[in-house]
Amino acid sequence: MSGDPAGLLLIDKPEGPTSHDVVDSVRRAVGIRRIGHTGTLDPFASGLLLLCVGWATRLAEYLTALPKVYRGVIRLGVRTDTDDRTGAVIETSDGWRQLDHARIGLALEGQVGEVEQVPPAFSAKKVAGQRAYSVTRGGGTPALRPQRVTIRRLSLRDLSPPDLTVELECTSGTYVRAVARDVGSALGVGGHLKSLRRLRVGAFSVEQALRPDTDAKDFIQSLQPPETAVVHLHRVDLDRDSARACADGRPVDWEGEDAPGPAAAHLDGRLVAIGETRDGQWWPRKVFPESLGLRSEMK
């Protein structure tokens with residue numbers, strides 16, 4: 001309903017349920033149907049899940065591309081068909097017993113920067129119109145092409161052979177399972193992802209998050225305003241006349257420099273629209289009349 005609360009909700013997903021399960025749980029708790037997440041976590045993984053609530057679901061696309069920080073445990077010496085602990089073992093090696101700290105450090109360093117990463121065979125990546133996991137489960141071998149991702153840092157937090165606890169910061173689209181697989185391959189012993197926890201998405205931290213079984217009242221009280229979802233975008237402040245034009249989808253004059261990407265327009269500190277600055281004008285592309293009851297207020 002138009003009167004439903006809107007904003008951003010930070011959830012600490014436990015191991016076990018799917019991301020969709022968590023969304024359904026929160027929907028039932030708060031009685032709001034319009035809720036969606038902004039980046040899937042595998043069932044065996046835990047950590048930060050950003051949920052957009054109410055009309056703020058229209059902001060999800062501006063959150064999915066934010067960089068992410070994870071803590072994971074890589075188990076060396078065991079390869080699985082899923083590249084994580086949920087898969088079937090396809091190869092083992094005790095070569096990890098001969099590895100030292102220096103060799104492990106070099107293998108981790110080799111994953112940092114812009115890398116060509118082959119997605120896991122059991123992934124949702126589409127190949128010729130089919131999900132890779134569907135092809136694999138059907139007995140086929142998906143022809144997965146490497147994709148360019150950026151791993152900004154990959155640091156060793158604990159070495160308890162055959163387990164490596166690592167922390168990594170990466171761009172959206174990075175498969176941490178594939179990082180574990182490729183580290184094991186670089187060391188010549190194989191490896192898979194034993195556990196995974198998402199710590200941050202952009203400026204949002206799991207330390208701010210609530211459990212999915214939190215009381216509905218606490219969910220609503222913890223709802224962050226929609227504006228927080230776009231703080232990383234270039235900001236444009238409009239006066240009331242410009243906001244009126246914006247609500248109708250019309251461009252308005254803009255005296256500032258052109259922004260390199262999407263810009264978020266505000267009226268009195270509230271998000272009004274997302275658009276772009278171009279040639280001295282600001283062009284609305286996605287308008288949010290629900291903010292401040294803009295449409296009804298200005299007609």
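Here, residue 1 is the first one in the sequence, and each next residue gets the next number.
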> Does atom CD of E207 have more than 12 heavy-atom neighbours from other groups under 6.0 Å away?
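Result for CD/E207: open.
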
> With a sphere of 6.0 Å drawn around CZ of R148, does it hold more than 12 non-hydrogen atoms of other residues, nucleotides or ligands?
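Enclosed.
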
> With side chains defined as the heavy atoms from C-beta onward, is the minimum distance between T174 and Y70 less than 4.5 Å?
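No, their side chains stay 4.5 Å or more apart.
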
> Can you tell which of D84, V183, V73, D42 makes a side-chain contact (heavy atoms from CB on, under 4.5 Å) with L193?
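Of the listed residues D84, V183, V73, D42, the side-chain contact (heavy atoms from CB on, under 4.5 Å) partner of L193 is D84.
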
> So, the side chain of R34 versus the backbone of T57: is there a donor-acceptor pair under 3.5 Å, distance only?
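No: the side chain of R34 does not pair with the backbone of T57.
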
> Start with the C-alpha distance between R240 and D268, add both sets of side-chain angles, then the distance that settles side chain to side chain contact (heavy atoms under 4.5 Å, CB included), and finish with yes or no.
CA-CA 9 Å; R240 190 155 291 271; D268 298 331; 3.2 Å; yes

> If the test is salt bridge (charged side-chain N to carboxylate O under 4.0 Å, His left out), which one of R181, R75, R177 qualifies with D83?
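Answer to the salt bridge (charged side-chain N to carboxylate O under 4.0 Å, His left out) test with D83 among R181, R75, R177: R181.
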
> Do W96 and L159 share a hydrophobic cluster, counting only Ile, Leu, Val, Met, Phe, Trp and Tyr and linking them when any side-chain heavy atoms are less than 4.5 Å apart?
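As far as the 4.5 Å side-chain criterion goes, L159 and W96 are connected within one cluster.
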
> Check the hydrophobic clustering (I, L, V, M, F, W, Y; side-chain heavy atoms under 4.5 Å; chains of links allowed) and say if L49 and V206 are grouped together.
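Each belongs to a different hydrophobic cluster.
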
> With hydrophobic residues grouped by side-chain heavy-atom distances under 4.5 Å, do F219 and F204 end up in a single group?
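No, F219 and F204 fall in different hydrophobic clusters.
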
> Could you go step by step and tell me if R285 and I274 meet the side chain to side chain contact (heavy atoms under 4.5 Å, CB included) rule?
CA-CA 6 Å; R285 293 294 180 241; I274 303 292; 5.8 Å; no

> Kindly determine whether D100 and R103 satisfy salt bridge (charged side-chain N to carboxylate O under 4.0 Å, His left out), including the steps that lead there.
CA-CA 6 Å; D100 57 25; R103 285 186 61 190; 5.3 Å; no

> With a 4.5 Å heavy-atom cut-off, do V78 and R85 have their side chains touching?
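No, too far: nothing below the 4.5 Å cut-off.
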
> Linking I/L/V/M/F/W/Y whenever any side-chain heavy atoms sit under 4.5 Å apart, do L66 and L41 land together?
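Looking at the clustering, L41 is in a separate group from L66.
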
> Does Q208 form a side chain to side chain contact (heavy atoms under 4.5 Å, CB included) with L48? I'd like the steps, not just the answer.
CA-CA 9 Å; Q208 306 166 285; L48 184 59; over 6 Å; no

> Decide yes or no for Y62 and P262: does some side-chain heavy atom of the first lie under 4.5 Å from some side-chain heavy atom of the second?
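Yes, at least one pair of side-chain atoms sits under 4.5 Å.
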
> Please say which of T18, V23, I11 ends up in a side-chain contact (heavy atoms from CB on, under 4.5 Å) with H37.
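Going through the options one by one, the only one that passes is V23.
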
> Would you mind reporting whether Q281 and D253 have side-chain heavy atoms less than 4.5 Å apart?
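Yes - at least one pair of side-chain heavy atoms lies under 4.5 Å apart.
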
> Please walk me through it: do V149 and V115 pass side chain to side chain contact (heavy atoms under 4.5 Å, CB included)?
CA-CA 6 Å; V149 299; V115 298; 3.6 Å; yes

